[in-house]
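Okay, handing you the structure first.
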Amino acid sequence: MKAGSLFVLLPLIVLLTACGGQARLPSQAVTGAGPELPEPRPRLIPVIKIAPAVGWEDGATPTPAANLKVSVFAEGLDHPRWLYVLPNGDVLVAETNAPPGKSGIDGIKGWMMKLVMKRAGAAVPSANRITLLRDTDGDGKADLHEVFLQGLHSPFGMALVGDTLYVANADALLKVPYQSGQTSITAVPAKLTDLPGKGNELNHHWTKSLLASADGEHLYVGVGSNSNVGENGMQVEHMRAVILEVDTASGATRVFASGLRNPVGLDWEPHKGELWAVVNERDELGSDLVPDYLTSVRREAFYGWPYSYFGQNIDERVSPQQPEQVARAIAPDFALGTHVAPLGLAFNNGNVTGFDEGAFVGLHGSWNRRPLNGYEVVFVPFADGRPTGSMQTLLSGFVGNSGNARGRPVGVIADGRGGLLVADDVGNAIWRVTSKL
C-alpha cells in the first residue's frame with residue numbers, strides 16, 4: 001500500500017477502531033475455572049487499544065501488593081524477555097525480539113499491526129544475546145553484567161541439563177557446553193534440531209520457550225501458531241500451536257500436545273509433576289473473548305485451536321471445520337482474562353518467601369481490548385495441584401495514569417533467594433519482588 005493511501009485511510013481507521021468494541025463484562029468475570037463466554041462480536045476492523053510505550057520515569061517502579069516490596073535487580077538492558085536461573089544463582093536473561101519479515105501479515109492489516117507493535121514498544125531490533133547477571137554481595141541487585149552468549153537468532157527459552165546449556169532460537173534448538181561459574185561462553189553452539197520458522201518459513205509467533213524434564217532426557221518447546229485462526233492456511237501450521245517434545249540425545253522431535261494457539265511459559269507443577277502452560281488465545285471476537293489461560297497439558301491432548309475455544313465452543317470463522325477434532329477438545333483449567341497476553345509462568349516450589357502453593361504469571365498486556373487488560377504480575381493459588389480461588393495481583397502500575405505503558409512484564413522466575421524476578425521488556429529492567437515479612 002502506498003504511503004499516500006495510508007495517510008488518506010488513517011483518519012478512517014482511527015475512527016473505526018475507536019468506536020464501539022467496549023468490553024461488556026468486568027475483567028474478573030472472564031477469569032477462573034468457569035469464565036463467562038458471551039456471544040462473539042467479530043468486527044470488520046478489530047478493536048485496537050494501545051498503551052504507548054514510554055518507559056519508567058527516574059526512580060519510578062511498579063506498584064507491589066500491600067504485603068510485598070519491589071526493587072531493581074538489573075536495569076539498562078535491551079528488551080529483556082526471558083529469564084533462567086543457573087544452579088549457582090547466576091541469572092541469564094535473553095535480550096531479544098522477533099526476527100524481521102516473518103509475521104505473515106500483509107496489506108492494511110499488516111500495516112496496522114506494525115503500527116500497533118511500534119507504539120507498544122515491540123518493534124525494536126533484537127539484540128540476539130544472552131546476558132549473565134550476578135549478585136555478588138547478596139544485596140538483591142546484580143552488580144556483575146556480562147555478555148554470556150551472543151550471535152544468536154532471536155533467542156528465547158533456556159535450559160541447563162548437566163553440563164549442557166540448551167537455547168531455543170526462533171528457528172533452531174542449540175546446545176553448548178557450560179561450566180559452573182563461567183561468565184561467558186565463546187564456544188560455537190551446535191544445532192540439536194530445527195524448529196518451526198527455519199529458512200523462508202513464516203514465523204508469526206516466533207518465541208520458543210523451553211523446559212527440561214526432571215531426568216534431562218527430553219526438552220519441551222512451546223511453539224505458537226502462524227496466524228490468528230488459520231487464515232494463512234493450515235499448511236503453514238505444521239508443528240505449530242503445539243508443545244513439542246525433543247529427545248536431548250538425538251534431537252528426535254514429536255508433538256506432545258496440540259491446539260494451543262500460542263503456548264509460551266512452561267513449568268512443572270511441583271506437587272503432581274504435571275506439565276503446565278500459559279496460552280495466548282485468538283483475537284478479533286470482541287473485547288470479552290477469548291480468555292487467555294493457564295492449563296495442565298496432557299500428552300497427545302488437543303485444546304481446540306483453531307476450530308474451537310475454551311473447550312468445544314466453535315469458532316465460526318474457521319472453514320472447513322473439523323467436528324471430530326472439536327469433539328476431543330479439552331477445556332483449559334483456569335482463565336486469566338481476555339487479551340491479557342500471559343507470557344511468564346513459574347510455580348512456587350517453596351522458593352518465594354511469603355507464598356504458598358500456586359503459580360506466578362506475567363501478563364504482558366492487551367492491545368485489542370477496551371479497556372486495557374493485563375499489564376501486571378499475578379499469582380494463581382493452588383491446592384493439591386489444581387487452581388483454587390481467585391488470582392491475586394502482585395505487581396501493577398505498569399500503565400500510568402496517562403494510559404502510557406511504563407513497562408510490560410514478560411518472564412517470571414524464582415531467584416532461589418526468596419524473591420521473584422520479573423523481566424520488563426519496555427522498562428528494560430528486571431524487577432525483584434520480595435515479601436515484607
Side-chain angles (χ1 to χ4, degrees), residues 7 10-28 30-31 45-66 68-81 97 111-124 280 283 286-288 292 336-344 361-378 391-412 422-433:
F7 283 120
L10 184 56
L12 177 60
I13 292 168
V14 171
L15 178 63
L16 287 172
T17 57
C19 296
Q22 190 82 5
R24 299 178 183 179
L25 296 174
S27 58
Q28 62 269 24
V30 198
T31 63
I45 303 287
V47 176
I48 295 178
K49 173 65 175 174
I50 307 163
V54 297
W56 294 94
E57 306 90 347
D58 288 345
T61 70
T63 304
L68 303 174
K69 56 184 178 180
V70 63
S71 59
V72 178
F73 179 74
E75 55 191 342
L77 298 165
D78 190 349
H79 212 245
R81 298 277 285 176
N97 206 4
W111 174 78
M112 288 172 62
M113 286 300 300
K114 288 178 183 178
L115 178 63
V116 167
M117 293 301 103
K118 183 176 182 180
R119 293 191 67 199
V124 299
N280 291 236
D283 301 320
S287 291
D288 291 316
D292 301 325
L336 296 165
T338 54
H339 309 297
V340 293
L343 299 182
V361 181
L363 304 180
H364 200 224
S366 62
W367 63 267
N368 62 334
R369 182 185 185 273
R370 289 181 175 274
L372 297 170
N373 207 11
Y375 296 92
E376 60 185 6
V377 178
V378 299
M391 68 184 190
Q392 308 158 13
T393 298
L394 305 187
L395 206 58
S396 58
F398 288 90
V399 176
N401 293 333
S402 62
N404 294 327
R406 301 187 289 182
R408 299 184 78 182
V410 192
V412 295
V422 179
D424 176 353
D425 66 357
V426 163
N428 289 321
I430 296 173
W431 307 103
R432 185 170 188 260
V433 183

Short side-chain to backbone donor-acceptor contact, Arg81 and Gly411, under 3.5 Å
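The answer is no, because no donor-acceptor pair under 3.5 Å joins these two groups.
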So do the side chains of Trp431 and Pro62 get within less than 4.5 Å of each other, counting heavy atoms only?
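Yes; the side chains approach each other to less than 4.5 Å.
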Measure the spacing between CD of Glu75 and CG of Asn428 and express it to the nearest 0.5 Å.
10.5 Å
If you take all heavy atoms of Val70 and Pro64, which pair is closest and at what distance?
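Heavy atoms of Val70 and Pro64 come nearest at CG1-CD, 3.9 Å.
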Nearest heavy atoms of Asn373 and Ser27, plus distance in Å
OD1-CB, 3.8 Å
Would you say the side-chain atoms of Thr338 and Arg369 include a donor-acceptor pair closer than 3.5 Å?
yes
In Å and rounded to the nearest 0.5 Å, what is the CG to OG1 distance from Leu394 to Thr63?
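The CG atom of Leu394 sits 12.5 Å away from the OG1 atom of Thr63.
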Identify, with sequence neighbours excluded, every residue that meets salt bridge (charged side-chain N to carboxylate O under 4.0 Å, His left out) alongside Arg408.
none
List in chain and number order the residues that pass side-chain hydrogen bond (donor to acceptor under 3.5 Å, both in side chains) with Ser366, two or more places apart in sequence or in another chain; answer none if no residue qualifies.
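Once residues adjacent in sequence are excluded, Ser366 has no partner under the side-chain hydrogen bond (donor to acceptor under 3.5 Å, both in side chains) criterion.
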Would the Phe398 and Trp56 ring centres measure less than 6.0 Å apart?
yes
Check side chain to side chain contact (heavy atoms under 4.5 Å, CB included) between Ala65 and all other residues, then give those that pass, not counting sequence neighbours.
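If we apply the side chain to side chain contact (heavy atoms under 4.5 Å, CB included) test to Ala65, skipping adjacent residues, the hits are Asn67, Leu68.
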Closest heavy-atom pair and its distance - Pro52, Ile50:
CD-O, 3.2 Å
How long is the span from the CG atom in Leu372 to the OG atom in Ser287, to the nearest 0.5 Å?
10.0 Å
Partner set under ring pair (Phe, Tyr, Trp, His ring centres under 6.0 Å) for Tyr375, not counting sequence neighbours:
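Not a single residue meets the ring pair (Phe, Tyr, Trp, His ring centres under 6.0 Å) criterion with Tyr375.
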Please identify each residue that fulfils side-chain hydrogen bond (donor to acceptor under 3.5 Å, both in side chains) with Thr393, with sequence neighbours left out.
Glu376
Looking at residues at least two apart in the chain, or sitting in another chain, which of them share a side chain to side chain contact (heavy atoms under 4.5 Å, CB included) with Thr31?
Gln28, Met391
With a 4.5 Å cut-off on side-chain heavy atoms, are Val433 and Val377 touching?
no
Indicate yes or no for a side-chain donor-acceptor contact from Arg370 to the backbone of Ile48 under 3.5 Å, with no hydrogens or angles considered.
yes
Salt bridge (charged side-chain N to carboxylate O under 4.0 Å, His left out) with Asp424: which residues, sequence neighbours excluded?
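Applying salt bridge (charged side-chain N to carboxylate O under 4.0 Å, His left out) to Asp424 gives none.
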Is the shortest side-chain N to carboxylate O distance from Asp288 to Arg24 below 4.0 Å?
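No.
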Of all residues at least two apart in sequence or in a different chain, which pass the side chain to side chain contact (heavy atoms under 4.5 Å, CB included) check with Ala341?
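For Ala341 the side chain to side chain contact (heavy atoms under 4.5 Å, CB included) partners, ignoring immediate neighbours, are Asn280, His364.
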Carefully, step by step, assess Leu336 and Val361 under the rule side-chain contact (heavy atoms from CB on, under 4.5 Å).
CA-CA 9 Å; Leu336 296 165; Val361 181; 4.2 Å; yes
For the student: nearest non-hydrogen atoms of Ala51 and Ala405, plus distance
O-CB, 3.5 Å
Say you draw a straight line from OG1 of Thr61 to CG of Leu395; how long is it, rounded to the nearest 0.5 Å?
8.0 Å
Run the side chain to side chain contact (heavy atoms under 4.5 Å, CB included) test against Asn368 and tell me which residues pass, sequence neighbours left out.
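Partners of Asn368 by the side chain to side chain contact (heavy atoms under 4.5 Å, CB included) criterion, ordered by chain and then number, come out as Asp283, His339.
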